[in-house]
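Here the structure is laid out as structure tokens; the discussion comes afterwards.
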Amino acid sequence: MIETQGLGKIYGRGLYALRGLNLTIDKGEFVFLTGPSGAGKSTLLRLLLLQETPTEGEVIVAGRNLSRLSRHEVQAYRRTVGFVFQDFKLIPTKTVFENVSFALRVLGTAVEQQRRRTYQVLKWVGLQHRLNSFPEELSGGEQQRVAIARALVNEPQLVLADEPTGNLDPDLSLEIMNLFREINAGGTTVVVATHDRELIKWVGRRVVQLEHGQLAGLAEAPK
Amino acid sequence: MIETQGLGKIYGRGLYALRGLNLTIDKGEFVFLTGPSGAGKSTLLRLLLLQETPTEGEVIVAGRNLSRLSRHEVQAYRRTVGFVFQDFKLIPTKTVFENVSFALRVLGTAVEQQRRRTYQVLKWVGLQHRLNSFPEELSGGEQQRVAIARALVNEPQLVLADEPTGNLDPDLSLEIMNLFREINAGGTTVVVATHDRELIKWVGRRVVQLEHGQLAGLAEAPK
Amino acid sequence: MTALGYAFAEAWTSIRRAGRSAAVSIGTIAVAFITLGGFLMASVNVQRVLDRWLESAEVSVYLVDELPDEVRTALELHLRQQPIVAAVEFVSKEKALARFEADFPELQDVATAVPQNPFPAAFEVRLRPEEAGGPDVDELTAGLSGRDGVADVRYDRRWLTRLTNVVRTAQLAAAVIAGVLMLGAGFTVAAVVRLSLHARRGEIDIMQLVGAPFSYIRGPFIVEGLLLGGAGAIVAVAVVALAYTAAARWLGPDLAGFIGVAQLQFLGLREAVVMVGGGFGVGAAAGTVASRSAR
Amino acid sequence: MTALGYAFAEAWTSIRRAGRSAAVSIGTIAVAFITLGGFLMASVNVQRVLDRWLESAEVSVYLVDELPDEVRTALELHLRQQPIVAAVEFVSKEKALARFEADFPELQDVATAVPQNPFPAAFEVRLRPEEAGGPDVDELTAGLSGRDGVADVRYDRRWLTRLTNVVRTAQLAAAVIAGVLMLGAGFTVAAVVRLSLHARRGEIDIMQLVGAPFSYIRGPFIVEGLLLGGAGAIVAVAVVALAYTAAARWLGPDLAGFIGVAQLQFLGLREAVVMVGGGFGVGAAAGTVASRSAR
Ligand SMILES: Nc1ncnc2c1ncn2[C@@H]1O[C@H](COP(=O)(O)OP(=O)(O)OP(=O)(O)O)[C@@H](O)[C@H]1O
Ligand SMILES: Nc1ncnc2c1ncn2[C@@H]1O[C@H](COP(=O)(O)OP(=O)(O)OP(=O)(O)O)[C@@H](O)[C@H]1O
Ligand SMILES: [Mg+2]
Ligand SMILES: [Mg+2]
């Protein structure tokens, strides 16, 4: 599903945020991405979404080289990816419902189905009672769950989640992970960047560890 | 140091975010605030900073009823509090150095001392090499550490930290907690809202648990 | 179609939620257009005055005394056939004397002291305004001078040429100023829409990251610019219309006497439509620019 | 002092970092002031033309023939002593005839046909512009009519009263329009500064939560507004000055002939200073409003 070859990223100031990364993630895999602060986890995920362009190397997702996509193909590609941003990136001028249903709207889904599916996903994350709130009226954890709902609403082939439980209590975190596992069981590839060792232990999947922008260790977690 | 009497907060929509809270925190104490997402942790901390005004009840900090302060007294009071916001609240148009030194600047600290102290605090959180970056050029954890540095830079009497390690890896989280402990050892009262049970266990201090805006249990943690 | 409906619905929601900020934007755009509209109205009216002046441009063709009627009629016909001539009036010797006496009453003595009427009969030829002061007039006067029965041709060329130059200059200046004001109004509308939407640029990035097609991202911004600009222009036209009504009521009589035009004239329908259309257009363009993504 | 220095330093940094956005704001403010400045320049010049016209308002005092010199001198003295009189010129019978011949060459015959010079000598009295058309003039003419040696007093009161009315109306209209433009410019500056700073309102809240005193929070915003507004106004004055230079060079000769004033006049120093001051003031006020905290 995902293959990176010698992937590197240098931001303006000249330091490698990511360097010579060769990584393969199979279709239907559930992978944790971990490593200290500033290791390059978010950078890797951003490159997978094409939010940033690589400085060197290639990213191949579902057999297609991301750097060769046209603008329209990029849009179409992003619509098949569910992304939970580390800073949520909710649209402040839209309500919870609008923020989530927007991802369906751009797919041209019928209005009635938009409504139904949005409600369903918000129920999964326990926010069905906050449909008409604006993001700034939510607690940190509630905002994070809206971001998760938006990533899952259009049944993506690939879910990329950047620290999706940083603002959630342990019980909720496990619930969210169960949600990810269910989606993963349906064939969706899931990549989760997290610092939460408990969570990684509990879910028990493959862990990719980054350090200073490079792979630090590849460990097959116990099944 | 902190005393709340029948403290309650209702946001616009009519639900209690906090209800009838009676809580006492002594001077020099180190208290963890925990509870599920939406329990009211941030609301309580916001009330302590006067970021919100209580709907009912009183907040008394250092012997003074917060709702009776004049605008100038509010400013002076806030300058004695170090606050780590859950969403960081860094000023996007200022550099890391400016964001942190600003808290000293408003105290009228001499420029040379501003410079020295800011550098020192940024070194504590491991960001002395990113002085001139803007917040959006930092990773999530780096931004969070800038927020922590800003809270500590002016040696406040009271530190209120809302989920200060949600974006940090476990090792860094412990380092930050050690920092808080050191500051606490110097006489500063510290209140930390967190979901991280490991951290609470490791630090081993009093825990205040909130649920649906009310106290769920008061537990003296083992010394 | 769906995207269009979506764009309008979104834009409307956004303007409604923006509230005061949107009102400030519309107001500022209106101010720009009021300035432009006010200037256009003023210049339309000044133009009418100048036209009136030019309309009264006359060539006097003095006739020799005791001219046979058929020569006079032939001359009149000749004059009327000229393309640059708008009207021809015959002034007899008696009428010329009467006019002089009326115009210069203090010289009554002079007129009566003269044994016989010294004033010649004349054709007063009114020219088409657009020709007055032009080269064709020179041709006409030159041609007339040699003709049978014509004693003299007088045409206050110097004065008229000067007036024509001034009018031309004024028209040029007015066009330049109108152009500058138009640019200025456009610039203001664009700047205001851009500033209004700039704050929401983050949204565009977010939408792009969610994979929204450009039409979904930019549509609402473009429509919002369109609506802000159009609303501003409509407010402006309304304000100018009100100002016109007020001016016509209170200043009308005074001004009308001076400018020699029966009534103040409002902006033409065309100008009003152009203004409102311009508002919509500039707003939409500004929305397009403002919604141009960072990447 | 520290807070002030801080405010300026911060504002400057902010404008520098805002880059294009700040340039757009300054440009828009400049457009507003250019409109105002252009109008002021136009109306200063029109005012001069009207003054010139009023200056040429004259009362003609026709004298009886064969007036003894001492009566004439006494009359002249009397006229010069009137407070509303600006200048007195004596026109002899000969000069009057010469003028008539020059003005009406086609009536040469008439003049020569008359046995003796029919034109009376006269004093031509120029009035102070501010008095022309006023009630004091009536008093003067009435007083003169009965005087020894005076044959007739002519004063084209109707025409002058009308002109005076028009001038007064025009002045009123100009004042109203200037006021509206001033308000419009102020509104535009305020709106632009407000929109520029609105996006950064979050910063204000953050600063407040850190316990910053108001002077530290609002100072930079107010100074930024001040600088944006002032810069816009300065740009505007510069543009108007350039436009004036261009107009004076290319249109000056034509216009000067028409308006009868030797030269176009630039905005007075006072107007320029008021404009720039207004820019600074409105900008600062807008910054103050924009930085008003949500709470
Ligand atoms: N826009 C940017 N400009 C410059 N440097 C950047 C930018 N974004 C990230 N970086 C730097 O790149 C490095 C990797 O950042 P990244 O966000 O990938 O880290 P991370 O592993 O997600 O860390 P965290 O756990 O703190 O979120 C960091 O040192 C960061 O400061
Ligand atoms: N501005 C607001 N308007 C309306 N409701 C609000 C607002 N802020 C918070 N709330 C609600 O008040 C409740 C308590 O919020 P609070 O932020 O205190 O929770 P929390 O304990 O900090 O949760 P988290 O762990 O998710 O940060 C939540 O249900 C939240 O939705
Ligand atoms: Mg990250
Ligand atoms: Mg919270």
Side-chain angles (χ1 to χ4, degrees), chain A residues 11-13 15 17 34-46 85-88 90 125-127 129-130 132-146 162-173 175-176 193-201 209-211 213, chain B residues 11-13 15 17 34-46 85-88 90 125-127 129-130 132-146 162-173 175-176 193-201 209-211 213:
Chain A
Y11 290 105
R13 318 231 162 197
L15 242 109
T34 187
S37 180
K41 302 179 294 298
S42 300
T43 300
L44 175 55
L45 293 179
R46 282 202 287 260
F85 296 92
Q86 191 168 11
D87 55 354
F88 316 154
L90 302 178
V125 298
L127 283 177
H129 58 295
R130 298 306 294 269
N132 296 316
S133 299
F134 286 92
E136 61 166 20
E137 296 169 357
L138 300 178
S139 81
E142 286 162 350
Q143 288 179 29
Q144 191 154 40
R145 284 180 276 156
V146 176
D162 196 353
E163 201 76 57
T165 59
N167 288 275
L168 301 181
D169 55 280
D171 301 340
L172 249 176
S173 300
E175 271 179 48
I176 296 293
T194 185
H195 292 300
D196 195 331
R197 287 177 193 161
E198 292 290 295
L199 214 60
I200 294 175
K201 221 180 290 171
Q209 176 127 13
L210 287 180
E211 246 164 57
Chain B
Y11 290 105
R13 318 233 161 196
L15 242 108
T34 188
S37 179
K41 302 180 295 295
S42 300
T43 300
L44 174 57
L45 293 179
R46 282 204 286 261
F85 296 91
Q86 192 169 9
D87 56 353
F88 316 153
L90 302 177
V125 299
L127 283 177
H129 57 296
R130 299 304 295 269
N132 296 316
S133 299
F134 286 93
E136 62 166 18
E137 295 170 357
L138 300 178
S139 81
E142 286 162 352
Q143 288 179 30
Q144 191 156 41
R145 284 181 277 158
V146 175
D162 196 352
E163 201 75 58
T165 59
N167 288 277
L168 300 181
D169 55 280
D171 301 340
L172 249 176
S173 300
E175 271 179 47
I176 296 294
T194 185
H195 292 299
D196 195 332
R197 287 177 194 159
E198 292 290 294
L199 215 61
I200 295 175
K201 222 181 289 171
Q209 176 126 13
L210 288 180
E211 246 164 57

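Residue numbering restarts at 1 for every chain, and letters A, B, ... go by the order of the sequence lines. Owing to the predicted nature of the structure, the values given are computational and were not obtained by experimental measurement.
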- [ ] Could you list the residues that satisfy salt bridge (charged side-chain N to carboxylate O under 4.0 Å, His left out) with B:Glu142, not counting sequence neighbours?
- [x] B:Arg130

TODO: Under 4.5 Å heavy-atom distance to chain A, tell me which part of B:Asn167 shows up: side chain, backbone, both or neither.
DONE: both

TODO: Examine whether an atom of B:Glu198 lies under 4.5 Å from a heavy atom of chain A, and if so say whether it belongs to the side chain, the backbone or both; otherwise answer neither.
DONE: side chain

Do [X] and [Y] make a side-chain contact, defined as non-hydrogen atoms from C-beta onward lying under 4.5 Å apart?
X	Y	result
A:Ile176	A:Val125	yes
B:Leu172	A:His195	no
A:Arg46	A:Gln86	no

Task: Among the listed options B:Pro36, B:Ala17, B:Ser42, the residue most often paired with chain A at heavy-atom distances under 4.5 Å - done: B:Pro36

TODO: Against chain A, work out which of B:Gly35, B:Gly40, B:Ser37 has the most heavy-atom pairs shorter than 4.5 Å and name it.
DONE: B:Ser37

